[in-house]
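All heavy atoms count here, side chains included; hydrogens, waters and symmetry mates do not. The chains referred to below are lettered A, B, ... by the order of the sequence lines, with proteins before strands, and numbering in each begins at 1.
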Amino acid sequence: MSIFEYNGSALVAMVGKNCFAIASDRRLGVQLQTIATDFQRIFKIHDKLFVGLSGLGSDAQTLYQRLVFRHKLYQLREERDMKPETFASLVSAMLYEKRFGPYFVQPVIAGLGEDDKPFICTMDSIGAKELAKDFVVAGTASESLYGACESMFKPDMDHEELFETISQALVSSIDRDCLSGWGGHVYIVTPTEVTERILKGRMD
Amino acid sequence: MECVFGMVGKGFALVVADSSAVNSILVHKSNEDKIMVLDSHKLMGASGEAGDRAQFTEYVQKNVALYQYRNGIPLTTKAAANFMRGELATALRKNPYMVNIVLAGYDRETGPSLYFIDYIATLHKVDKAAFGYGSYFALSMMDHHYHPNMTVDEALKLADQCIDEIRSRLVVAPQNFVIKIVDQDGAREHSWRRTTKD
């Protein structure tokens with residue numbers, strides 16, 4: 001089994017009209033055994049920037065701590081929050097630093113940039129950025145997620161419809177993946193508020 | 001085969017570990033204490049490579065004590081858990097500690113808590129945790145019988161059910177188990193479950 005599949009994970013982010021959504025599954029496993037059903041994979045960097053980390057749980061926790069550290073330093077120096085594009089470049093650089101001994105994670109970054117324009121991107125474990133205008137996926141269920149998102153996505157959805165779409169795409173994909181599941185965690189972010197919701201899927 | 005498990009109850013947390021020290025087919029001793037008392041209100045049950053287990057648990061215990069000497073107040077359970085995770089994560093890509101840990105603690109402000117830390121430094125706060133081949137039986141028993149806010153008697157009954165299941169179903173089941181408990185009065189050894197004398 002690949003080290004990326006050791007803990008099991010599923011992540012997806014989607015762009016809507018002046019908003020974005022980022023969602024993950026909730027399972028923490030050790031190969032075939034489930035350890036917990038409330039594991040947090042999506043982290044808030046600031047009110048308009050979220051990062052999801054799929055792959056090895058330990059490296060996700062280490063990388064998250066390092067990213068929070070870097071962002072706090074940035075806030076102290078620049079006296080403002082980091083733009084999502086800048087943050088994505090930071091993550092990419094940090095991952096490539098470990099090119100020959102990488103962190104086994106695949107990040108998904110989602111934020112509202114200048115003028116509250118939604119920004120999403122994903123990258124591989126050594127920092128190759130993949131910007132997208134519609135959706136990005138990561139994790140053990142990524143292939144299912146690609147299919148589900150491609151068929152369900154429409155451009156310029158409002159936050160209600162975006163929530164429905166991303167939830168359906170996530171739940172239908174993780175229900176077919178044995179390593180991810182035990183429900184979903186969805187964040188809908190608009191310029192004015194952040195809504196966090198828990199989904200119930202196949203609880204296995 | 002080594003086995004450590006734990007659970008949180010009403011105002012306390014319980015950790016149970018086997019006490020066998022085995023080398024291939026030989027049982028060196030069957031009264032090895034694998035649950036280290038870190039400080040007055042923390043228990044650290046560890047399983048894995050014997051040398052790493054002894055070294056790492058002692059290292060953590062001494063650093064927890066050092067923090068208290070330097071700062072005048074003890075670490076919270078969460079802080080101790082994160083310290084352990086940090087040490088395991090730093091060592092992971094150099095010289096990994098092959099130790100899996102169940103950390104139980106009682107803090108005055110937050111009450112009892114239990115942390116799962118595996119050898120790759122994955123940290124998660126849980127209500128019930130188990131490591132080793134025995135975990136397949138212990139976790140299933142706990143999934144069925146556990147409920148939040150159990151009394152000490154209920155938790156001990158559940159721990160006994162887990163131990164019985166391990167004894168009857170695991171091919172090379174450990175002979176003896178030690179049970180330690182931590183609550184507002186402190187961390188202490190509770191009892192043993194023996195099938196053989198020392």
**Asked** What is the minimum heavy-atom distance between Y103(A) and R93(B), and which atoms define it?
**Response** CA-NH2, 3.9 Å
**Message:** Does atom CD (Q55(B)) have a neighbourhood of more than 12 heavy atoms from anything else shown, all under 6.0 Å?
**Reply:** no
**Item:** Exceeds 12 heavy-atom contacts within 6.0 angstrom, atom CE of M152(A)
**Value:** yes
**Asked** Which bit of N82(B) is near chain A, if near means a heavy-atom gap under 4.5 Å: side chain, backbone, both or neither?
**Response** side chain
**Request:** Using the side-chain contact (heavy atoms from CB on, under 4.5 Å) rule, pick out the option among V30(A), L56(A), N7(A) that qualifies with I120(B).
**Result:** L56(A)
**Request:** Not counting sequence neighbours, which residues clear side-chain hydrogen bond (donor to acceptor under 3.5 Å, both in side chains) with S92(A)? List them please.
**Result:** none
**Fill in**
Cut-off 4.5 Å, heavy atoms of chain A, and the answer for A121(B) is both
**Item:** Spacing of CG belonging to L123(B) relative to CZ belonging to F39(A), to within rounding of 0.5 Å
**Value:** 8.5 Å
**Prompt:** For D59(A), is it the side chain, the backbone, both, or neither that has a heavy atom closer than 4.5 Å to a heavy atom of chain B?
**Reply:** side chain
**Asked** Within a reach of under 6.0 Å around CD of Q33(A), are more than 12 heavy atoms found that belong to other residues, nucleotides or ligands?
**Response** yes
**Prompt:** Got a sec: does the OH of Y74(A) have more than 12 other heavy atoms crowding it under 6.0 Å?
**Reply:** yes
**Message:** Could you tell me if the side chain of I35(A) sits less than 4.5 Å from the side chain of F131(B), heavy atoms only?
**Reply:** no
**Asked** Taking everything shown except H144(B) itself, do over 12 heavy atoms lie less than 6.0 Å from its NE2?
**Response** no
**Message:** Given heavy-atom pairs under 4.5 angstrom as the criterion, report whether the side chain, backbone, both or neither of D127(B) touches chain A.
**Reply:** neither
**Message:** Side chains of D38(A) and K125(B), heavy atoms from C-beta outward: is any pair under 4.5 Å?
**Reply:** no
**Message:** Hydrogens and angles aside, do T122(B) and Q61(A) bring a side-chain donor and acceptor to less than 3.5 Å of each other?
**Reply:** no
**Item:** Whether over 12 other heavy atoms sit under 6.0 Å from K29(B) NZ
**Value:** yes
